[in-house]
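I have placed the structure first, in the form of structure tokens, so that the comments after it can refer back to it.
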Amino acid sequence: MAMQNQKVREWVDEMARLTKPDRIVWLDGSEAENRRLLAQACESGELIPLNPQKHPGSYLHRSDPQDVARTEHCTFICTEKREDVGPTNNWLPSGEAKTLLKGLFDGVMRGRTLYVIPFLLGPRHSPFSKVGIELTDSLYVAVNMRIMTRMGEAALEELGESGDFIKGLHSTGNLDPQKRYICHFPEDKTIYSINSGYGGNALLSKKCAALRIASWLGREESWLAEHMLIMGIENPQGEKIYIAAALPSACGKTNLAMLQPDGKFKGYRIFCVGDDIAWLRPGRDGQLYAVNPEAGFFGVAPGTNFQTNPNMMKTISRNTLFTNVAMASDQRVWWEGLELPKDGEILDWQGRLWDPTLGWKAAHPNARFTAPIRQCPIYAPEWDRPEGVPISAVIFGCRRSTIVPLICESFHWQHGVYLGATMSSETTAAAAGAVGVVRRDPMAMLPFCGYNMADYFDHWLRIGRQLKRPPRIFRVNWFRTDEKGKFIWPGFGENIRVLKWIMDRCHDKVDCLETPIGRLPLLQDLDLEGVGVDPAGLRQLFEVDPEEWLKAAEEQTEFFSLFGTRLPGELLKEQEFLVARLRSRKGEHLPSV
Ligand code: SAT
Ligand code: MN
């Protein structure tokens, strides 16, 4: 590939002098190159070809068992000043971190190939878009990056002669978890990642560039990089709106992004623009516009099936890379949530012979698939629109078995930012650590915000002030459970009922019930026919217990106080008013349905 850009070349040379690979291969993103890389990966054992009839063009990768999820304790934001990364990020002083990383990367690619991967985040010719270059010694990373981003020539063409690109250096090193580092230097738009090959740690375009580095850039340039899906909804009358929704990792964001309305909601159409990351900026008309910087899905396999996400099942029917799923003897993939094959044997995600009596899961709970967005049957061609899509509603979703009602609308932008900032959620398998523990996860960005979250909240408030027609902000919780621990709300395709209410609110078609925590639906406006939730369940789904919420507000104080005086006063004011509203309704059971 003709490599004209002097700045890129200099940087590649410098990193090659450090890492000392045997050879350097520049990737152009072409089909022929992809075939060559896939063949090489099969030869080296990094990929296992799957049944060509059942899974055309698809492969299985088994990772090191110690390298199966993001490792937040090894993830650092490295800056001059600690205050700039705030109390919720791990910090290293940039000078010290560079010395440490230089030591770790010195000679690490000896005997290996260094792949140069230019990638474009966002549509071509768009004011939103950014170019990045990832250097990696992992073939697995290279073939995944081709699916996840607009990779190769297109990115270099966008870059032209400019030296303004995000730099990412990655090596799988020796996968030593003790020496694993994912370090971000937002001040020089650089990422260094070593000793992991896992998606979020190694596909540097994803959480590292498109969220951590991009959030920093967004603050400087007046836009937002968010952990959000983008979807279009069209009602039977042909009205269409776009929604951006934040949910923590492995909480059903991908399923929501390509929801399939059924039964009486068949007249609604959903269009998927993105399932994980949204870049948002105020447009000249005073609306908020969004693009998906990515070009593929890196979704959770277990639990994905024709009931929970038929559109994804079709998306991953070909040209898909599977990671840490199980495999049946006919080279078909399998995971928990799919029907067990009637005959033949199953190898678990580590290649061990498996059967259901063994007591462990065949697929790793964070097993993933990588597939191009264009294969999605409800893919929105607007995905590639340089100006993005106008957002009418923002959703902050959390995973809470108690307290938080199914849906609630904020009173206004500032209150919506407060709802986002006070999100808490039960942890999942997407990150290493205990699962099911409640933790604060503001805007589902706790692990992904590249700067001080107090400044981030302030940035959200500032963006709101630039919008003449701001989106409405909602909070959802699909995960409330009953006394027996069973989910009350069926979720998945039935979530269309909640989206319909959101859409009706955006079109001023329905009223609402004012409660201390926000606006709840009037039950008659929420189409619940045939949803299968009994009246007691409904009461629980929408219950707002002022006592419980007062306790929750107190816990927020603890979180807010982490940020000291840097926390925007607007959020404290929202909290103060919430507490006052709750106190005035103490002892009541809200709402009465
Ligand atoms: O971090 S990943 O992008 O690999 C998965 C996730 O946590 O959403
Ligand atoms: Mn995610």
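Sequential numbering from 1 along the given sequence is applied to the chain's residues. We count ligands from 1, going down the list as the structure has it; atoms in each ligand are counted the same way.
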Cut-off under 2.8 Å, centre the Mn ion (ligand 2), protein N/O/S atoms: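 Atoms qualifying: K207 NZ, H227 NE2, D276 OD1.
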Relative to the heavy atoms of [X], which atoms of ligand 1 are at a distance of less than 4.0 Å?
| X | result |
| --- | --- |
| S249 | 6 (C), 7 (O), 8 (O) |
| F298 | 4 (O) |
| Y198 | 2 (S), 4 (O), 5 (C) |
| A430 | 7 (O) |
| R368 | 5 (C), 6 (C) |
| G199 | 4 (O) |

Fit a plane to each ring of W335 and F369, take the angle between them on a 0 to 90° scale, and name the class: parallel (under 30°), tilted (30 to 60°) or perpendicular (over 60°).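 Plane angle between 30° and 60°, so tilted.
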Look at the rings of F457 and F563 and say which category their plane angle falls in: under 30° parallel, 30 to 60° tilted, over 60° perpendicular.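 The rings of F457 and F563 stand perpendicular, inter-plane angle above 60°.
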Name all residues meeting the ring pair (Phe, Tyr, Trp, His ring centres under 6.0 Å) criterion together with H459; count only those two or more places apart in sequence or in a different chain, and write none if there are none.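 By the ring pair (Phe, Tyr, Trp, His ring centres under 6.0 Å) rule, H459 matches no residue at all.
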Between [Y] and [X], do the side chains contain a donor N or O and an acceptor N or O under 3.5 Å apart?
| X | Y | result |
| --- | --- | --- |
| T308 | N255 | no |
| T422 | R475 | yes |
| S424 | R400 | yes |
| D441 | S425 | no |
| E220 | Y451 | no |

[atom] [closest protein heavy-atom partner, distance rounded to 0.1 Å]:
| atom | answer |
| --- | --- |
| atom 8 (O) of ligand 1 | K207 NZ, 2.8 Å |
| atom 1 (O) of ligand 1 | R70 NE, 2.6 Å |
| atom 4 (O) of ligand 1 | G200 N, 2.8 Å |

Can you check whether V498 reaches W489 side chain to side chain, under 4.5 Å on heavy atoms?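 When only atoms from C-beta onward are counted, W489 and V498 do touch, with a gap below 4.5 Å.
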What do you reckon, does K206 have a nitrogen or oxygen under 3.5 Å from a nitrogen or oxygen of ligand 1?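 The answer is no, given that K206 and ligand 1 share no N or O pair closer than 3.5 Å.
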Establish, for the pair K98 and F185, whether the NZ or CZ atom is under 6.0 angstrom from the six-membered ring centre and no further than 45 degrees off its axis.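 Yes, a cation-pi geometry.
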For R439, the option from E72, E555, E426 that meets salt bridge (charged side-chain N to carboxylate O under 4.0 Å, His left out):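 When salt bridge (charged side-chain N to carboxylate O under 4.0 Å, His left out) is applied between R439 and each of E72, E555, E426, only E72 qualifies.
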